Protein chains: 2
Amino acid sequence: MSKIDEVAKLARVSKGTVSNVFSQKRPTSKEVTERVLRASRELNYVPNQIARSLVTKRTMAIGLTIPHGRFFFSAFHTQFINSVVLEAARYGYRVLLDMIPAQDIATPFLASYPIDGAVVMDPREADDRIELMQREGIPFVTIGRVQATAPTPTVDNDNRKIVRDICDYLFALGHGRIAFLNAGVSTTVAADRRESFLEAMAGRGVRIEPWMMFHKPELSDERYSNYGYEETKRVIEDSGGRATALIADDDRTAFGCLHALKELGLDVPNDISVFVICGDDSMLTRSTPALTSMDLRPADLGARAVTTLLRMLGIVDGDVDERCIVDSGIVERSSCAAAPNQGRNRVER
Amino acid sequence: MSKIDEVAKLARVSKGTVSNVFSQKRPTSKEVTERVLRASRELNYVPNQIARSLVTKRTMAIGLTIPHGRFFFSAFHTQFINSVVLEAARYGYRVLLDMIPAQDIATPFLASYPIDGAVVMDPREADDRIELMQREGIPFVTIGRVQATAPTPTVDNDNRKIVRDICDYLFALGHGRIAFLNAGVSTTVAADRRESFLEAMAGRGVRIEPWMMFHKPELSDERYSNYGYEETKRVIEDSGGRATALIADDDRTAFGCLHALKELGLDVPNDISVFVICGDDSMLTRSTPALTSMDLRPADLGARAVTTLLRMLGIVDGDVDERCIVDSGIVERSSCAAAPNQGRNRVER
DNA sequence: CTGAAAGCGCTTACAG
DNA sequence: CTGAAAGCGCTTACAG
């Protein structure tokens, strides 16, 4: 790894000129540019990003903060992360994975985060990360609503509308007794979806019963990976078999639902319908039946999050929306059908 | 963000002393330490990682390079990445996601990678990344065998043994006509598994037929996400229904297999057995039947890769193994059973 | 279009 | 145990 001085000497120019050639911040004559490039190639030179960062105050990296120490990625996360990395790369930015709870970091005295900004996934109602970012003065955009003293830019789906749309879709099929396996209790997205669900049900004149709403356990909870399976059994049992439709939070959950229903001898969608929020085609079509879903467009969310952040940083031109809503749409497959007649799917015990 | 000078002045010590307190590289008297810490807190000071990196030559970040621009994570990837991030954090290291093909990077003139080392996933027989790392002088460990001029440390499963074990397992159940849906052609892991499969079959006296070996399409190929589904149909058709067992490369592929077999009216495991290499319990138990698998211990691989890399960097004590093999083991579930009598699963057409 | 020099915010011998 | 000073490898006004 040679340094800028050596290149400058070999190309018979000043360090400043070498710098200009690589940063392209000031024009350089064609002849000089070529001489510098040739010298650089000869010496295998590439600018040192760290030294550059020290003076430009730009690390050229953004943080992607995902809560949890241990985690599972759903299809949503996978597509989202993929898109964030790709979009960031378009502007020469790299992505630092950052998903460690602060208390689990080894070093007692942390150095500053070498990132220019952050994308905060799955925000909670009370989220340490928000406060941390604000204290450190790191610009960030959240994926989903957040509770903060100062307003912070957010990229999100319209979660209230999503649940309303799903309920309307199921209502139209004659369903009324719907159980909702919601996201984690402490997340803001779960709160919004919960409210919207309650409203939709009230609008339809359905009295809410306890078996109609569950929340995904924390990742640290061993019941996490059996969420769909176990709560589906509860739903069927507690509802006395009256439930005619299930809304599952993600693909993993939905597979658990299907598994439980199969064990109970219930047919999907004839006895009971299953609707899943997000998941990708290559998995959702693998089950029997293929799962009808709401496409949350995670790739759009990721790309918008990055451009919003880069706008905040002045890298990309354009105004930053305080609240950017990404469209979503129902993808019909085969797991939802007209509700069975009352009691048809009652379980024998 | 205040700087070291301000803290030094407030604490009435030199910059060097403030530095020592935070780096803990030289002892500092208790009294002075406390004064510095108090001043730091008051000024909300934290050392600037970039400035520190410039002189220490340590970025405190490792790169995780995953091939492809677009990607799907299998359960294997998810658990592996998770483990890498966690293990790195134990030593104060962060993880930079790096999965962009070089030709897709926007900036024509790249600055140096601000990482101390890299973990290279899914190496190919001819892999640009290896050459790049070597040219840039970045220490790296590969997950899987690699073709390189100089030997490079590798953390891996014993892929030959894995396939041998799987074949032995299936042989013991009476299977002989086995189709192998292998990893991508260009990967070294696929090559090792292929050879081992061929050996095992030869040892058993089975003549290899074309329908017995397939390779996963490149991610850029649209057939990628239907690999398991489509090739399973091919296997059944081309073998004239004589195949009695399928080995699938990963969970996603296996779900595709199951889907195809169901459409063909073949019962798993009575008509045909399915064995999957890797996948996690929370998905593998969701299908009908639950999938018997080889547990590759991705979390162990990730942790070992990080410690090996940090040893190369002199961060962690200990010798670095040129080749570190992580154990694997069969997890029996319900998708493999005794082979049916010859022709029992012949498909009617 | 190009150069000389200061400076980004730390760490690290060297000296005491 | 602590300090003064040089230096890490760049970029950026300033001057021409």
Side-chain angles (χ1 to χ4, degrees), chain A residues 1-37 39-40 43-61 92 107 109-116 136-137, chain B residues 1-37 39-40 43-61 92 107 109-116 136-137:
Chain A
M1 217 65 249
S2 48
K3 326 178 217 169
I4 200 169
D5 306 72
E6 307 170 37
V7 176
K9 196 192 287 178
L10 184 61
R12 284 168 291 122
V13 294
S14 71
K15 301 194 300 179
T17 299
V18 176
S19 175
N20 295 156
V21 168
F22 280 91
S23 70
Q24 299 183 299
K25 289 196 183 167
R26 300 197 308 192
T28 311
S29 74
K30 208 175 150 187
E31 186 204 322
V32 168
T33 300
E34 210 148 291
R35 232 160 59 214
V36 168
L37 254 23
S40 305
L43 296 173
N44 196 19
Y45 171 76
V46 132
N48 179 317
Q49 177 63 56
I50 299 293
R52 184 182 268 178
S53 291
L54 187 57
V55 15
T56 60
K57 309 292 182 204
R58 293 239 125 100
T59 62
M60 300 309 283
T107 346
F109 305 114
L110 275 171
S112 66
Y113 266 36
I115 53 176
D116 295 341
E136 301 272 324
Chain B
M1 221 62 252
S2 49
K3 327 178 217 168
I4 200 170
D5 306 72
E6 306 170 38
V7 176
K9 196 192 288 179
L10 183 61
R12 282 166 294 121
V13 294
S14 71
K15 300 194 301 179
T17 299
V18 175
S19 174
N20 296 156
V21 168
F22 279 92
S23 70
Q24 299 183 298
K25 288 194 182 166
R26 300 197 307 192
T28 311
S29 73
K30 208 173 151 187
E31 186 201 322
V32 168
T33 300
E34 209 148 292
R35 231 159 61 213
V36 168
L37 254 24
S40 305
L43 296 172
N44 195 19
Y45 172 76
V46 132
N48 180 317
Q49 177 62 57
I50 300 294
R52 182 182 268 179
S53 292
L54 187 57
V55 16
T56 61
K57 310 291 182 206
R58 294 238 124 99
T59 63
M60 300 309 284
T107 347
F109 306 115
L110 275 172
S112 65
Y113 265 36
I115 54 177
D116 297 340
E136 301 270 325

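Quick note on labels: first sequence line is chain A, next is B, and so on, each numbered from 1. Everything numeric in this text was worked out from a predicted model, so none of it was measured.
- Distances from the side chain of B:R52 to the nucleotides D:dC8, C:dT12, C:dT11 place C:dT11 closest.
- Base pairing annotation: D:dG3 forms a Watson-Crick or G-U wobble pair with C:dC14, both donor-acceptor distances under 3.5 Å.
- Contact annotation for A:V32: backbone-only contact, meaning every heavy-atom pair under 4.0 Å involves sugar-phosphate atoms and none involves a base.
- Atoms CD1 (B:I4) and P (D:dA5) sit 16 Å apart, rounded to a whole Å.
- At a cut-off of 3.5 angstrom, counting only N and O atoms as typed in the model, there is a donor on one side and an acceptor on the other between the side-chain of A:R26 and the base of C:dG3.
- For A:V55, taking side-chain heavy atoms from C-beta onward, the closest of the listed nucleotides D:dT11, C:dC10, C:dC1 is D:dT11.
- For A:T56, whose side chain is taken as the heavy atoms from C-beta onward, the closest listed nucleotide among D:dT12, D:dG3, D:dC10 is D:dT12.
- A salt bridge between A:E31 and A:R35 is present, with a side-chain N of the basic residue lying under 4.0 Å from a carboxylate O of the acidic one.
- Nucleotides D:dA6 and D:dT2 place their P atoms 23 Å apart, quoted to the nearest Å.
- Look at NZ on B:K3: it is 6 Å from P on C:dC8, rounded to the nearest Å.
- Put simply, A:S29 has no side-chain N or O that comes within less than 4.0 Å of OP1 or OP2 on C:dC1.
- Nucleic acid contact for B:K15: base, since at least one base atom lies under 4.0 Å from a heavy atom of the residue.
- Going from atom CD of A:Q49 over to atom C1' of D:dG9 covers 12 Å, rounded to whole Å.
- Contact between the side-chain N/O atoms of A:T28 and the OP1/OP2 oxygens of C:dC1 is not found at any separation under 4.0 Å.
- Side-chain atoms of B:S19 never come within 3.5 Å of backbone atoms of B:K15 as a donor-acceptor pair (strictly under, hydrogens ignored).
- The C1' atoms of C:dT12 and C:dG16 are separated by 16 Å, rounded to the nearest whole Å.
- The P atoms of D:dA13 and D:dG9 are separated by 23 Å, rounded to the nearest whole Å.
- Rounded to whole Å, the distance from CZ on B:F22 to P on C:dT12 is 16 Å.
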Inset, instruction - Kindly indicate, with the supporting measurements, whether the criterion side-chain hydrogen bond (donor to acceptor under 3.5 Å, both in side chains) is fulfilled by A:D116 and A:T59. - result: CA-CA 6 Å; A:D116 295 341; A:T59 62; 2.9 Å; yes
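- As rounded to whole Å, 17 Å separates atom P of C:dG7 from atom CG of B:L54.
- Judged purely by atom type and a 3.5 angstrom limit, A:T17 has no side-chain atom pairing as donor or acceptor with the backbone of A:V13.
- Judged purely by atom type and a 3.5 angstrom limit, A:S53 uses its side chain to pair as donor or acceptor with the backbone of A:R58.
- Within the structure, a side-chain polar atom (N or O) of B:K57 is placed less than 4.0 Å from OP1 or OP2 of D:dG9.
- Toward the 5' end of DNA chain D, the nearer of the two residues B:S14 and B:A51, judged by each one's closest nucleotide, is B:S14.
- Rounded to an integer number of Å, the gap from A:D5 CG to D:dC10 C1' is 9 Å.
- In this entry the distance linking CG of A:N20 with C1' of C:dA4 reads 13 Å, nearest Å.
- At distances below 3.5 Å, not a single donor-acceptor pair connects side-chain atoms of B:S40 with backbone N or O atoms of B:Y45.
- Atom CG of B:N48 and atom C1' of D:dC8 are 13 Å apart (whole Å).
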